[in-house]
Amino acid sequence: MVGVSGASGTPYAAAVLRALLAAGESVDLVVSRASRLTLLDETGIAFRDAHWQDDLREWLARGADGKPYPVPRGLGDVRYWAAGDLAAGPSSGSYPAKGMIIVPASTACVAGVALGLSKDLLQRAASVTLKEGRRLVVAVRETPLNGQTLRHLVTLDDAGAIVLPASPAFYAGATHIQDLVDFVAGRVLDAAGVPHRLYRRWEGELGGGARETGS
């Protein structure tokens, strides 16, 4: 399952979703109300419940730099749930799921999950994921982090979640914004146990990334 909260970083969510579909994974998707405002601001795309397939396809077809991006054929493996639907399948521990990714995770979302508020389906599904002992990856996207948020992140870590700051690295030889986005998305998928080829992995050779890019 993938939950998209209201933090800046909608390209991270798009990259994760594209890679999950390319890996043949079925995806349950929740897009919070706050994240729709962020998506509209960052991409100009209005995400609508009634037209979610068209809007999701447009979102995934756009790279972090605004240029067209290849999208896995079809969205048949995506099941969309409205954020306000607390009776949805993922609100119950009996609903089959491997785990959950929250990308990007806002500090408000982090607080809600850490405190067990379940104010919307995204937070409820995350709480269910933890109580069922399934893997929860929280890709927090905020800086700087205050003490309260740090305590919430420690609470999530203590509960078994994987706290993964959206912090790109540069050893993979990034030359474009999308490369940095894909690195973070790849680390998210690593934590979720999903195979991918989004970035060049470290192989113990200094300068390998620079040589690959010809710099």
Side-chain angles (χ1 to χ4, degrees), residues 1-5 7-31 35 38-39 42-43 45 47 55-80 97-106 109 129 134-143 161-215:
M1 179 166 184
V2 174
V4 186
S5 78
S8 176
T10 55
Y12 292 131
V16 166
L17 288 166
R18 283 192 297 261
L20 286 170
L21 293 174
E25 297 285 343
S26 297
V27 177
D28 289 282
L29 176 64
V30 177
V31 180
S35 70
T38 307
L39 182 63
E42 293 183 344
T43 69
I45 298 170
F47 196 93
D55 298 337
L56 178 60
R57 188 174 291 108
E58 183 182 0
W59 179 16
L60 298 188
R62 186 175 306 186
D65 56 3
K67 296 178 182 178
Y69 200 99
V71 179
R73 185 175 301 173
L75 297 177
D77 291 328
V78 178
R79 188 170 187 181
Y80 173 72
K98 295 179 181 178
M100 182 174 181
I101 296 168
I102 305 177
V103 58
S106 67
C109 176
T129 301
R134 299 167 184 160
R135 192 175 305 188
L136 174 64
V137 182
V138 180
V140 60
R141 215 307 305 161
E142 185 59 87
T143 189
I162 299 172
V163 176
L164 194 153
S167 177
F170 297 85
Y171 61 77
T175 58
H176 301 284
I177 295 174
Q178 189 64 50
D179 297 331
L180 297 175
V181 169
D182 285 345
F183 179 88
V184 171
R187 296 298 289 147
V188 168
L189 293 169
D190 288 343
V194 177
H196 66 88
R197 300 184 65 182
L198 288 177
Y199 68 89
R200 187 188 74 87
R201 297 184 181 277
W202 176 252
E203 297 178 347
E205 183 182 0
L206 292 174
R211 283 193 291 274
E212 280 192 13
T213 58
S215 56

Closest heavy-atom contact between [X] and [Y]?
X	Y	result
Leu180	Ala169	CD2-O, 3.8 Å
Ala15	Gln178	CB-NE2, 4.3 Å
Ala64	Ile177	CB-CG2, 3.7 Å
Gly186	Leu198	N-CD1, 3.7 Å

TODO: Might you work through the side chain to side chain contact (heavy atoms under 4.5 Å, CB included) test for Leu17 and Leu56, ending with a clear yes or no?
DONE: CA-CA 10 Å; Leu17 288 166; Leu56 178 60; 4.1 Å; yes
- [ ] For Ser35, check side chain to side chain donor-acceptor pair (under 3.5 Å) against everything at least two apart and list the hits.
- [x] Ser32
- [ ] Mind checking side chain to side chain donor-acceptor pair (under 3.5 Å) for Arg62 and listing every partner two or more places apart, or none if nothing turns up?
- [x] Glu58
- [ ] Name all pairs fulfilling the salt bridge (Lys or Arg N to Asp or Glu O under 4.0 Å) condition that reach into residues 171-199, sequence neighbours left out, sorted by first residue then second.
- [x] Arg187-Asp190, Asp190-Arg201
Rounded at 0.5 Å granularity, tell me how far [atom1] in [X] sits from [atom2] in [Y].
X	Y	atom1	atom2	answer
His176	Lys67	NE2	NZ	7.0 Å
Ser8	Arg141	OG	CZ	5.0 Å
Met1	Leu136	CE	CG	10.5 Å

Answer yes or no: is there a side-chain heavy-atom contact under 4.5 Å between [X] and [Y]?
X	Y	value
Tyr80	Leu75	no
Pro168	Tyr12	yes
Glu25	Lys98	yes
Leu39	Trp59	yes
Val140	Pro104	no

Task: With Leu21, the side-chain contact (heavy atoms from CB on, under 4.5 Å) member among Leu60, Val71, Val16 - done: Leu60
Open item on the list: Under the side-chain contact (heavy atoms from CB on, under 4.5 Å) test against Thr10, which residue among Val181, Thr43, Ile45, Val103 passes?
Closed with: Thr43
- [ ] Apply the test side chain to side chain contact (heavy atoms under 4.5 Å, CB included) to residues Leu29 and Val4: give CA-CA distance (whole Å), side-chain angles for both, the deciding distance (0.1 Å), then the verdict.
- [x] CA-CA 8 Å; Leu29 176 64; Val4 186; 4.1 Å; yes
Task: Six-ring centre of Tyr69, Arg18 cation under 6.0 angstrom, axis tolerance 45° - done: yes
Open item on the list: Taking Ser5's backbone N and O only, do any of them form a donor-acceptor pair with Ser106's side chain (distance below 3.5 Å, no angle check)?
Closed with: no
Task: Side-chain (Glu42) to main-chain (Gly9) donor-acceptor, under 3.5 angstrom - done: yes
TODO: Identify which one of Trp202, Tyr171, Phe170 satisfies the ring-ring contact (aromatic ring centres under 6.0 Å, His included) criterion when paired with Phe183.
DONE: Tyr171
